[in-house]
Each structure stands twice: as C-alpha cells, then as structure tokens.
Q: 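Have a look at this one.
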Amino acid sequence: MARHSRRNRRSRRGRFAFLYRLLTFVVICGAIVAALALFFKIETIEVTGTERYSSEEVMEASGLSVGDNLFLMDKYEVAERVRSALSYVETVQISRSLPSTLRITVTECAVTVAVEQDDVLWLVAGTGKIVDTITPGTKEFALVTGLTLQDPQIGRTIAAEDGDACAVLLDLLQHLRSKDMLGDVDAIRLEDPAVITLEYLDRFRVQIPWNADMNYKLNYLLAVVERLEDNEHGTINMSRDDRVNFIPD
C-alpha cells in the first residue's frame, strides 16, 4: 500500500512538473510576442530597384506603413501584394534591418514581345507575364503571330487556346531571355504547324521545329551567326537535327 501511495505521489509530481513547464513555455512565448509587438515598429521603409514605379506606389501596394510591426507581418504576403498590384514588377524581396527599418527590393520585368488580339497589343515579359496593353502599330516590341490568347489579363501569365503552342512559346522565351537574345528578336511566327520562325537581328529568318530542344538550337544559332558575314541576310533552316542550311536572300 505504501509503495502504491508513493507511486501516486510521483505520478502527480510528474504531471505537475509537465504542466509547469508547459505554462512556463506559454508565458515566455507570450512575453516574446508582446516584446515584438511593443518595441519593433517600422519607422523607415526603403524601396530600391524601381524605375517605372515610385517608392510611394510600391509602399502603397505593399499595404504597409510606418508604425506597423516589423516582425508580425507576413513578408511573403506583402511581396505577393506588390506583384499583383504593379504588373511590371517581377520579383520582390522583403528584408528587415533592426531596430526599425524595412527594405523592399524590387526587380521590374523587361517587356520583350507583344501579341496582337482584338485591336490590342498585349505586352508580355520574358516570364510570360502580361504587363500592359498598347495600341497596335508600334515597332518597339517583337511581335508574336499565330497565337490566340485565352482571357488575357494584365498581371497574369499568358494562356492560349492552343495550350501546347503557349507552352512552347514560354519555353522559347525563357531560353532566349537566359541567353540575352530576346532584344535581337524582331518577330516570332507560330502559324506554320511544322516550324517556328524567328525574325532575328533584322537579317535572318530562323526556322526551328516545334518539338526542338530550344536550348540546343539557340546555342547552335549563335554559333552559326558568328560564322556568317555581317552583310549576309537570309534563312537559317534548323529543322533537321544533324545540320543547318543557310539560304541567302
């Protein structure tokens, strides 16, 4: 009976010790949260990386203001608010500098191509994001033809009635962008079911099969163009895997 009583006392002490530790943990966490809420207030918001938008526009889009808590905000939610509100914004990084400074670093999209539809030019960044619309007629952007957009909206990634064609275009844009070639493309023609035609460097028509490895083909194209004379114009046919045909104008 005595042993049983001692076991009960030890069991009760164990339960009380656990509850005490749990209560202590809760109190400490509460104290930390209270300290964060009380002391770490935003006094300065620094915005960098913007050219198209002002610091005030970025701050307004973020939903933050001086006096907000530096730690209790969700920085990923803040970044998404900025990207959603400002269509030309590609990436947003949020960082804290104690005791009271919040930094918002923005990277803006470079407009690379335009898709004409319903008497509107939809401007598309290299990521596939629609960033703006303008009236047709400008020669500033590479024109994509042969693609019908599906419910185009500023701020969204392009979608098309032909999903495969859209996927290939996005893959092509990604590789052109990574190789710093997009600025040299004057047009992308998607009408031909066999090949995609790039108007390149204002000198060449480049024919690439739809199912091609775009990374390989574009590296090959760079090597071919490097061997041609500066005054040569014509068609670079890359429709075969084993060779390239150059047909001068």
Side-chain angles (χ1 to χ4, degrees), residues 50-53 57 61 82-91 106-215 217-218 221-222 225 233-239 247 249:
T50 57
E51 295 182 5
R52 185 175 296 273
Y53 301 110
E57 287 175 305
V82 175
R83 284 194 297 268
S84 298
L86 306 177
S87 61
Y88 280 90
V89 171
E90 182 172 335
T91 64
V106 171
T107 302
E108 295 180 350
C109 300
V111 177
T112 53
V113 298
V115 182
E116 184 172 354
Q117 186 165 306
D118 300 327
D119 297 323
V120 173
L121 279 180
W122 298 87
L123 303 185
V124 181
T127 58
K129 181 182 182 182
I130 298 175
V131 297
D132 210 344
T133 60
I134 58 173
T135 303
T138 179
K139 301 293 185 181
E140 184 178 350
F141 307 103
L143 185 64
V144 177
T145 60
L147 187 73
T148 302
L149 296 179
Q150 189 175 47
D151 189 25
Q153 295 186 37
I154 293 174
R156 293 186 179 180
T157 301
I158 59 170
E161 292 181 0
D162 185 341
D164 291 339
C166 188
V168 171
L169 175 63
L170 290 174
D171 181 57
L172 175 61
L173 291 177
Q174 177 185 347
H175 288 293
L176 286 168
R177 183 186 185 208
S178 68
K179 299 177 191 305
D180 200 24
M181 297 172 68
L182 262 173
D184 297 323
V185 175
D186 305 304
I188 302 175
R189 311 293 186 195
L190 305 176
E191 294 88 350
D192 191 326
V195 295
I196 299 170
T197 299
L198 308 182
E199 294 185 11
Y200 183 61
L201 290 173
D202 202 27
R203 296 165 50 202
F204 304 111
R205 293 174 300 279
V206 183
Q207 297 176 336
I208 303 175
W210 279 89
N211 61 350
D213 180 336
M214 294 300 175
N215 184 60
K217 289 295 187 182
L218 293 177
L221 173 61
L222 290 172
V225 171
H233 296 66
T235 299
I236 301 175
N237 188 331
M238 308 184 74
S239 60
I247 307 168
D249 289 340

Q: If you compare all heavy atoms of Met214 against all heavy atoms of Leu172, which two are closest, and at what distance to 0.1 Å?
A: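 For Met214 versus Leu172, the nearest heavy atoms are SD-CD1, 3.9 Å.
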Q: Under the salt bridge (charged side-chain N to carboxylate O under 4.0 Å, His left out) definition, can you give me all pairs with a residue in residues 184-196, not counting sequence neighbours?
A: Arg189-Glu199
Q: For Arg205 and Thr197, test the side chains for any donor-to-acceptor distance below 3.5 angstrom and give the result as yes or no.
A: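 Per modelled atom types, Arg205 and Thr197 side chains form no pair under 3.5 Å.
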Q: Report yes if the side chains of Arg156 and Asp151 come closer than 4.5 Å at any heavy-atom pair, otherwise no.
A: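 Arg156 reaches Asp151 side chain to side chain.
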Q: Ignoring hydrogens and angles, state whether a donor on the side chain of Ser239 or Asn237 is under 3.5 Å from an acceptor on the partner side chain.
A: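 Their side chains do contain a donor-acceptor pair, which is all the 3.5 Å distance test asks for.
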Q: So do Val225 and Phe204 actually touch side chain to side chain, heavy atoms under 4.5 Å?
A: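 Side chain of Phe204 against side chain of Val225, heavy atoms only: contact under 4.5 Å found.
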Q: Which heavy atom in Arg177 sits nearest to a heavy atom in Thr127, and how many Å separate them?
A: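 Closest heavy-atom pair between Arg177 and Thr127: NH1-CG2, 3.1 Å.
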Q: Leu190 and side-chain contact (heavy atoms from CB on, under 4.5 Å): which single residue from Leu147, Thr145, Val168 fits?
A: Leu147
Q: Around atom CG of Asp180, are there more than 12 heavy atoms from other residues, nucleotides or ligands closer than 6.0 Å?
A: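 Atom CG in Asp180 is not crowded, with 12 or fewer foreign heavy atoms closer than 6.0 Å.
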Q: Rounded to the nearest 0.5 Å, what's the gap from CG on Leu221 to CD1 on Ile236? Could you check?
A: 5.5 Å
Q: I'd like to know whether Ile130 forms a side chain to side chain contact (heavy atoms under 4.5 Å, CB included) with Gln153, so could you lay out the CA-CA distance, the side-chain angles of the two residues, the decisive distance to 0.1 Å, and finally the verdict.
A: CA-CA 7 Å; Ile130 298 175; Gln153 295 186 37; 5.9 Å; no
Q: Keeping the roles fixed (side chain from Tyr53, backbone from Glu108), state whether a donor-acceptor pair exists under 3.5 Å.
A: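 No; zero donor-acceptor contacts below 3.5 Å.
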Q: Do Met181 and Leu218 make a side-chain contact, defined as non-hydrogen atoms from C-beta onward lying under 4.5 Å apart?
A: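 Yes; the side chains approach each other to less than 4.5 Å.
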Q: Among Val115, Leu169, Val144, find the one that has a side-chain contact (heavy atoms from CB on, under 4.5 Å) with Ile158.
A: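 That would be Leu169; it is the only one of Val115, Leu169, Val144 passing the side-chain contact (heavy atoms from CB on, under 4.5 Å) with Ile158.
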